[in-house]
Amino acid sequence: MGKRILLIISGGIAAYKALELVRLLRKDGITVRAVLTDAAQQFVTPLSLGTLTEDNVYTDLFDLKDEREIGHIQLSRQADLVVVAPATANILAKMAGGIADDLATTLLLATDKPVLAAPAMNVRMWLHPATQRNIAQLRANGVTIMEPDDGDMACGEYGPGRLPEPQAILGSIRAMLAAPLGEAQTATARFGQNPPPLRGKHVLITAGPTHEPIDPVRYIANRSSGKQGFAIAGAIAALGAEVTLVAGPVTLATPPGVRRVNVETAREMAEAVEAALPADAAVMVAAVADWRAEATGQKIKKDKGGLDALPLVENPDILAGLAKSPKRPGLVVGFAAETEKVVEHAQAKLARKGCDWIVANDVSGDVMGGARNRIHIVSAAGVEDWPDMEKDAVARRLAQRIADELTD
Ligand code: C5P
């Protein structure tokens with residue numbers, strides 16, 4: 001049987017492009033049932049849409065005739081895929097919050113089918129922390145959200161927020177209808193027929209703590225969980241890059257599509273980083289121990305003086321070494337965990353380490369091991385202050401920022 005789409009059109013100027021999308025879908029042999037929000041009816045009429053879909057167009061939650069013929073729960077489940085295009089900031093916010101106050105949002109809450117959303121809105125609305133939070137929430141809920149296009153907008157501004165072209169939305173729909181959803185396929189769906197932005201790039205990432213042995217049973221360590229670095233590795237892989245993740249001792253699962261190299265000590269990490277070169281970018285998230293002990297072969301005994309004197313030797317600075325290396329990646333990003341004067345210390349670190357960006361975070365709260373993070377990107381160009389976000393959202397935004405830098 002042919003594939004069926006439930007197309008939800010929300011109200012923005014880009015709604016007119018939904019007509020072209022319906023035409024392309026029909027040409028592809030896909031059956032389309034359309035739902036219009038109240039606002040969408042200001043831009044396209046049920047008549048023009050119904051003519052193209054050759055079906056009823058649904059607009060009203062309380063339409064008795066429609067409800068008797070086909071209940072709204074049924075409507076949300078008869079399709080193979082639910083597509084929201086264009087998806088306004090408003091409908092994305094309602095979806096993220098589980099609000100069901102009209103037919104479109106009720107169907108979205110009641111559906112048990114995969115959902116694809118193609119956002120379209122003003123650039124400021126797209127970049128607003130509230131929208132970015134909703135997008136992160138929806139992605140965590142399993143909704144596939146396409147990246148909006150960059151360009152001139154109907155409102156006269158320029159930037160990301162334009163509805164992806166109908167051809168690109170068709171590509172995403174085809175990708176989602178073709179097979180059960182996997183991570184790679186989600187990437188195809190997100191970027192439509194455009195290649196993912198980091199395809200062909202190699203990105204090297206370090207994450208987690210290092211363990212520096214004192215004797216065969218003891219080691220020096222720190223509280224790094226590896227969560228932020230692993231999330232960044234996953235987000236960069238999802239943008240199509242080849243990712244090498246040099247991981248200190250953590251028990252986190254390897255993100256899909258990532259090549260992982262496990263290490264224990266700073267010296268092993270330095271060797272693994274060197275071996276992974278060349279790379280187009282390096283993101284050094286690991287909390288490398290600054291010092292290591294002169295490890296002994298035997299367990300240190302309490303009664304023989306114990307740890308009264310534990311001579312420490314400075315570890316290699318992997319980030320500074322990489323920034324000076326003849327094989328230096330084009331973009332070298334360091335992290336700085338600070339508890340005070342966060343930006344000031346990060347600026348000093350940028351100069352000292354010779355890297356391009358320092359991503360500074362304030363770890364005076366429960367950042368280490370916690371789920372949220374608030375960062376500042378410090379570079380020669382200035383300081384970007386990002387709002388407090390989930391570590392996954394930080395990772396995705398940072399991955400996009402790196403993609404923009406590498407593809408400029
Ligand atoms: O000097 P500090 O440890 O605060 O710098 C943090 C940054 O330097 C992080 O990006 C970390 O991965 C990197 N680093 C390193 N090698 C070290 C110490 C830190 O690569 N020995």
Side-chain angles (χ1 to χ4, degrees), residues 1-11 15 17-41 44-88 91-92 94-119 138-139 141-146 163 166 169-182 185-186 188-190 192:
M1 199 167 120
K3 297 288 186 185
R4 290 170 309 179
I5 296 271
L6 180 69
L7 175 64
I8 294 179
I9 303 173
S10 62
K17 289 193 188 166
L19 295 175
E20 172 65 2
L21 176 63
V22 173
R23 203 185 60 75
L24 293 173
L25 287 165
R26 301 280 289 140
K27 219 169 109 197
D28 231 30
I30 298 171
T31 306
V32 184
R33 178 157 272 174
V35 172
L36 283 168
T37 64
D38 282 352
Q41 291 170 64
V44 287
T45 66
L47 181 62
S48 46
L49 202 56
T51 310
L52 286 172
T53 59
E54 296 179 275
D55 192 4
N56 281 342
V57 171
Y58 297 85
T59 55
D60 191 356
L61 185 55
F62 300 110
D63 185 316
L64 271 183
K65 180 173 155 289
D66 285 352
E67 199 56 28
R68 224 176 292 121
E69 280 172 10
I70 175 171
H72 63 260
I73 299 285
Q74 276 296 92
L75 201 54
S76 73
R77 304 219 173 140
Q78 279 179 344
D80 299 294
L81 175 70
V82 180
V83 178
V84 190
T88 58
I91 201 165
L92 290 167
K94 287 194 199 173
M95 287 164 72
I99 292 172
D101 64 353
D102 61 4
L103 180 62
T105 49
T106 303
L107 295 175
L108 284 160
L109 199 60
T111 192
D112 57 356
K113 293 298 178 340
V115 177
L116 170 75
L138 287 167
R139 284 188 175 143
N141 293 354
V143 175
T144 302
I145 311 232
M146 293 184 74
L163 183 73
I169 303 175
L170 176 68
S172 300
I173 291 172
R174 280 188 187 141
M176 286 186 74
L177 288 176
L181 271 182
Q185 198 189 330
T186 306
T188 319
R190 268 175 79 184

For Thr88 and Ser10, indicate whether the former's side chain and the latter's backbone hold a donor-acceptor pair under 3.5 Å.
-> no
Quick one: does Asp38's side chain get under 4.5 Å of Thr59's, heavy atoms only?
-> no
Heavy-atom donor-acceptor pair, Arg4 side chain to Gln78 backbone, under 3.5 Å | yes
Taking the side chain as every heavy atom from C-beta outward, state whether Ser172 and Thr144 have any pair of such atoms under 4.5 Å apart.
-> no
Spatial distance of atom OG1 (Thr105) from atom NZ (Lys94) [nearest 0.5 Å] | 5.0 Å
Could you state the interatomic distance from CG (Leu19) to OG1 (Thr53), rounded to the nearest 0.5 Å?
-> 10.0 Å
Rounded to the nearest 0.5 angstrom, the CD1-CG distance for Ile5 and Asp80 is 7.5 Å
Point-to-point distance, once rounded to the nearest 0.5 Å, from OG1 of Thr106 to CG of Asp101 = 7.0 Å
Distance in Å, Leu21 CG paired with Leu7 CG, rounded so as to fall on 0.5 Å steps | 6.0 Å
What are the two closest non-hydrogen atoms of Leu36 and Thr45, and how far apart are they?
-> CD1-C, 4.1 Å
Sub-4.5 Å side-chain heavy-atom contact between Ile173 and Ile169 | yes
Check Ala18 against Ala85 and note the closest heavy-atom contact, atom names and distance.
-> CB-O, 3.9 Å
Which heavy atom in Ile9 sits nearest to a heavy atom in Ala40, and how many Å separate them?
-> O-CB, 3.2 Å
Among Val115, Leu75, Val84, which residue meets the side-chain contact (heavy atoms from CB on, under 4.5 Å) test with Leu107?
-> Leu75
Any donor-acceptor pair under 3.5 Å from Thr111 side chain to Ser76 backbone = yes
Heavy-atom distance under 4.5 Å between the side chains of Asp102 and Leu61, does that happen here?
-> no
Are the side chain of Arg26 and the backbone of Leu52 linked by a donor-acceptor contact shorter than 3.5 Å?
-> yes
Can you find a heavy atom in the side chain of Val82 that is under 4.5 Å from one in the side chain of Pro114?
-> no
How close do Val57 and Pro46 get, heavy atom to heavy atom, and via which atoms?
-> CG2-O, 3.6 Å
Can you tell if the side chain of Ile8 reaches within under 4.5 Å of the side chain of Ile91, non-hydrogen atoms only?
-> yes
Would you call Glu20 and Lys17 a salt bridge, taking side-chain N to carboxylate O under 4.0 Å as the test?
-> no
